[in-house]
2 protein chains.
Amino acid sequence: MPNGGVVKSTRRVTIRDVARRAGVSVQTVSRVLNDHPDVSDATRARVQRAIAELHYQPSAIARSLITRSSGVLGVVASGFQFFGPARLLAGIERQATELGWQLMLRVADPSTPEEYDRIAAALIAQHVEGVIWAYPELSSERERAFRAQVETHAPIVFLSMEANPGDAVLSIENRLGARLAVEHLIERGRRHIGIITGPLNLWSAHQRKLGWQDALASAGLPCTELQVIEGDWSAESGCRGLRQLIEQYPRLDAVFASNDQMALGVLHAAHQLGLTVPRDLSVVGFDNVPESACFIPPLTTVHHDLFALGQLAVREMHRVIQARRAGKPAVVSPLMLRPHLIVRESS
Amino acid sequence: MPNGGVVKSTRRVTIRDVARRAGVSVQTVSRVLNDHPDVSDATRARVQRAIAELHYQPSAIARSLITRSSGVLGVVASGFQFFGPARLLAGIERQATELGWQLMLRVADPSTPEEYDRIAAALIAQHVEGVIWAYPELSSERERAFRAQVETHAPIVFLSMEANPGDAVLSIENRLGARLAVEHLIERGRRHIGIITGPLNLWSAHQRKLGWQDALASAGLPCTELQVIEGDWSAESGCRGLRQLIEQYPRLDAVFASNDQMALGVLHAAHQLGLTVPRDLSVVGFDNVPESACFIPPLTTVHHDLFALGQLAVREMHRVIQARRAGKPAVVSPLMLRPHLIVRESS
DNA sequence: CATTAAACTGTGATCGTTCACGGGATTCTA
DNA sequence: TAGAATCCCGTGAACGATCACAGTTTAATG
């Protein structure tokens with residue numbers, strides 16, 4: 001019966017209650033719970049019946065205190081209003097659940113500096129056995145401070161970040177992806193290719209810009225700062241970006257937008273300006289969000305699989321933790337996933 | 001120095017180590033940690049220095065065992081590749097962090113039935129003090145089972161769900177929002193208004209359909225099943241939806257798409273079919289995703305604030321838990337947030 | 001100066017579980 | 001039939017903190 005959420009504040013049913021009811025010791029109940037062999041079938045059945053009758057649920061907290069392993073991974077993420085981070089988080093969650101890990105979620109807001117200390121402290125307090133740093137950018141010094149705090153307690157995996165030597169970073173090849181996109185524009189005969197970047201303090205945004213430069217340089221095409229506008233991932237910034245770009249670089253005949261949302265903004269602005277895509281202007285995006293196939297016109301874009309990256313991160317973490325429990329030293333091995341181009345009608 | 005993530009497996013620094021170093025009892029250290037008054041300034045300083053020198057981090061796990069309060073809320077969510085759930089989760093996280101709660105995240109995949117039992121068990125095992133059920137739909141019977149398991153341990157808040165009497169549900173007024181959208185189309189002179197719904201087993205999708213019916217009925221306009229297509233929230237389904245709609249109801253002069261992504265699909269299909277929006281066809285969406293202002297044409301849509309809803313949910317949970325700690329019974333009070341219409345050029 | 005209150009600090013039990021160890025009953029081997 | 005081996009089960013300590021209670025010193029009061 002619905003009771004409006006009134007909780008009876010009864011004491012929690014413990015292993016002791018089960019033991020009493022089954023007429024055995026707590027240790028025997030513990031053995032049943034953990035599938036240890038040294039229990040006769042008869043007592044095992046009795047204990048299991050008591051467990052069911054009392055609706056007993058073991059306490060992971062008490063267990064992790066004594067076993068010194070919590071079964072919890074910490075995830076530091078942010079910006080899941082964006083497609084990438086959301087997919088990443090989904091992949092992490094899926095794999096974690098499959099391998100039996102719980103997830104403690106923190107959202108890092110890169111604004112305040114001492115917040116990272118608080119996050120580290122909170123994760124350590126919760127006895128997380130591993131930390132997955134998903135997406136939020138870290139300056140080198142902050143990263144060092146964070147690692148110094150956390151790493152004596154738990155290994156860390158960094159995702160989509162700059163890889164300093166020795167870092168455990170998993171990522172997609174942003175630079176390659178951008179190069180593929182721009183090379184494609186060049187193949188289609190475009191010669192004056194601008195870029196709208198993400199926030200350039202972000203490593204991934206910076207890498208995509210480098211990929212754009214790579215492609216232009218090796219084709220001997222113009223590559224100046226006049227062709228660059230820094231956006232903020234939002235469609236609106238893509239819209240503004242195109243206007244500015246055309247103003248400061250009128251010969252523009254193609255744009256590489258560093259994500260699909262900004263590409264949408266570019267398409268929008270082009271439409272407003274009376275430019276026909278792709279005749280007057282080619283546009284390529286990055287991310288391959290599901291909607292990009294329904295843009296007007298459908299967007300050529302770079303596909304990458306962040307769901308898989310998230311899964312991979314958890315698997316790596318799992319491997320390392322398991323190995324260490326067995327006493328062997330183990331480190332996360334860095335890895336880069338290759339993106340590929342999806343050609344549609346905007347180019 | 002980067003060391004590839006090698007963890008020194010030293011014993012954790014405990015309150016006892018701090019006590020020894022500061023030359024006081026563990027109780028005194030505990031008092032310092034919890035800001036209890038009965039400590040002289042001199043000892044307090046000595047203890048704090050010891051804490052700093054040893055890099056001591058208290059164990060939330062040990063603490064929650066004895067205090068019987070974990071400081072952890074469980075969140076069951078899914079589908080954060082969509083704008084709504086992502087905003088909801090972001091709001092929940094923000095408010096939780098502000099109020100000092102940790103978040104245990106589970107993603108519910110509505111496919112398997114016994115998974116709900118596992119989720120409930122996991123949450124109880126982790127001693128969560130409250131559960132926020134964010135978005136994933138529950139059948140009445142599954143809900144009952146879940147509540148029966150969890151509610152003796154922790155209060156539950158349901159978000160965006162059907163409210164059975166007595167349920168603690170927070171939501172936005174989906175039905176009203178849809179009615180606003182359709183009434184607007186009627187005001188603009190449209191008479192043959194179709195709808196592309198979300199999956200109709202979802203309460204929110206069903207409510208939006210009812211809102212559409214409300215508006216048509218009170219205006220005395222046609223309202224038949226021929227005007228209805230069931231989508232799946234994706235842009236692609238909106239695209240297909242419009243084609244089918246026109247086929248089975250050729251007089252169509254406006255479409256209410258139950259989210260912005262499907263509205264994008266509608267715009268796309270209209271463009272392909274040579275229809276000009278809004279001249280030949282008016283389109284209204286639902287959600288007001290940031291991109292919708294950059295659709296072609298910019299989308300008229302229903303704005304609602306799921307971030308605020310998430311914050312609210314945590315605040316309610318907080319209130320209830322605090323009250324119960326103080327021994328007073330308290331229940332979550334149901335609440336509905338009003339959405340409003342954003343008029344742009346697609347209508 | 002004795003008495004009482006206030007300020008400060010320590011002791012042992014406790015939360016719910018597993019770990020290390022020990023011991024009795026049963027079966028097997030010589 | 002004695003000895004060892006196997007199976008089964010229980011006892012006390014431990015994990016890292018807080019709680020309830022008690023004790024000791026210092027300051028305030030009559």
Side-chain angles (χ1 to χ4, degrees), chain A residues 9-48 50-51 54-72 121 124-129 153 325, chain B residues 9-48 50-51 54-72 121 124-129 153 325:
Chain A
S9 66
T10 66
R11 203 174 49 78
R12 193 182 174 103
V13 177
T14 76
I15 201 174
R16 210 177 310 269
D17 301 320
V18 175
R20 192 166 17 239
R21 175 135 191 160
V24 298
S25 73
V26 290
Q27 178 63 313
T28 301
V29 177
S30 172
R31 275 192 265 259
V32 171
L33 288 173
N34 297 287
D35 279 326
H36 281 224
D38 288 350
V39 182
S40 73
D41 291 350
T43 31
R44 183 180 301 273
R46 239 185 19 260
V47 169
Q48 270 158 347
I51 287 175
L54 295 174
H55 299 292
Y56 167 73
Q57 298 278 166
S59 162
I61 281 189
R63 185 180 311 203
S64 48
L65 196 56
I66 183 71
T67 61
R68 295 150 163 284
S69 73
S70 62
V72 176
I124 294 170
Q126 297 291 337
H127 293 223
V128 299
E129 296 187 67
H153 295 267
R325 279 183 187 164
Chain B
S9 66
T10 67
R11 201 175 49 79
R12 192 180 175 103
V13 177
T14 77
I15 200 174
R16 211 177 309 269
D17 302 320
V18 176
R20 192 167 17 238
R21 176 137 191 160
V24 297
S25 73
V26 290
Q27 178 63 315
T28 302
V29 177
S30 171
R31 275 192 265 261
V32 171
L33 288 173
N34 297 287
D35 279 325
H36 281 225
D38 289 349
V39 182
S40 72
D41 291 350
T43 24
R44 183 181 302 272
R46 241 187 15 264
V47 169
Q48 269 158 349
I51 287 175
L54 295 174
H55 299 292
Y56 167 73
Q57 298 278 168
S59 161
I61 281 189
R63 186 182 312 208
S64 49
L65 197 55
I66 182 71
T67 62
R68 297 149 162 283
S69 73
S70 62
V72 177
I124 294 170
Q126 297 291 337
H127 292 224
V128 299
E129 296 186 67
H153 295 268
R325 279 183 188 164

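Each chain gets a letter, A, B and so on, in the order its sequence line appears, and its residues count up from 1. Only a predicted model underlies this, so the values are computations on that prediction, with no experimental measurement involved. Just so you know, these numbers use all the heavy atoms, side chains as well, and skip hydrogens, waters and symmetry mates.
The nearest whole Å value for the distance from the CG atom in L65(B) to the P atom in dA17(D) is 12 Å. Rounding to whole angstrom units, CD1 of residue I124(B) and P of dG16(C) are separated by 15 Å. If you measure from atom CZ of R20(B) to atom P of dT9(C), you get 19 Å, rounded to the nearest angstrom. Between the C1' atom of dT18(D) and the NE2 atom of H36(B) lies a distance of 9 Å, rounded to the nearest Å. Distance CZ (R63(A)) to C1' (dA14(D)): 17 Å, rounded to an integer number of Å. Rounded to an integer number of Å, the gap from CZ of R68(B) to C1' of dT17(C) is 14 Å. Straight-line distance from the CD1 atom of I51(A) to the C1' atom of dT17(C): 13 Å, rounded to whole Å. Whole-Å rounding puts the H127(A) NE2 to dT17(C) P distance at 17 Å.
For N34(A), counting side-chain heavy atoms from C-beta on, the closest listed nucleotide (dT18(D), dT9(C), dT18(C)) is dT18(C). The side chain of S40(A) sits closest to dC8(D) out of dC8(D), dT9(C), dG10(D). Ranking dG10(D), dC8(D), dG16(D) by closeness to the D38(A) side chain, first place goes to dC8(D). Between dT9(C), dT18(C), dT17(C), one nucleotide has an atom nearer to the side chain of Y56(A) than all others, and that is dT17(C). Picking from dG10(D), dA17(D), dT17(C) the nucleotide with the shortest atom distance to the side chain of Q27(A) gives dG10(D). With dC8(C), dC15(D), dT17(C) as the choices, the nucleotide that has an atom nearest any side-chain atom of R16(A) turns out to be dT17(C).
Rounding to the nearest 0.5 Å places CZ of R12(B) at 7.5 Å from CD1 of I124(A). With rounding to the nearest 0.5 Å, the separation of CZ in R44(A) from CZ in R31(A) is 10.5 Å. Annotation: the span from R63(B) atom CZ to S70(B) atom OG amounts to 12.0 Å, rounded to 0.5 Å. Atom CZ of R46(B) and atom CG of D41(B) lie 12.0 Å apart (nearest 0.5 Å). Expressed to the nearest 0.5 Å, how far OH of Y56(A) lies from CD of Q48(A) amounts to 13.0 Å.
Comparing D41(B) and V29(A) by the nucleotide of DNA chain C whose heavy atom lies nearest to each, the residue mapping closer to the 5' end is D41(B). Toward the 5′ end of DNA chain C lies the nearest nucleotide of I66(B), the other residue of the pair I66(B) and A60(A) mapping further downstream.
For T14(B) and dG16(D), the shortest distance from a side-chain N or O to OP1 or OP2 is not below 4.0 Å. Look at S59(B) and you won't find any side-chain N or O under 4.0 angstrom from OP1 or OP2 of dG16(D). The phosphate of dA17(D) has neither OP1 nor OP2 within less than 4.0 Å of any side-chain N or O from S30(B).
In the interface, the side chain of R11(B) is not paired with the base of dG16(D) through any donor and acceptor atom under 3.5 Å apart. Donor-acceptor pairing under 3.5 Å, judged by distance alone, is present between the side chain of R31(B) and the base of dG10(C).
When each of V47(A), T28(A), I51(A), V26(A) is tested with I15(A) by the rule side-chain contact (heavy atoms from CB on, under 4.5 Å), just one qualifies, namely V26(A).
Here T43(A) lies in heavy-atom contact (under 4.0 Å) with sugar-phosphate atoms only.
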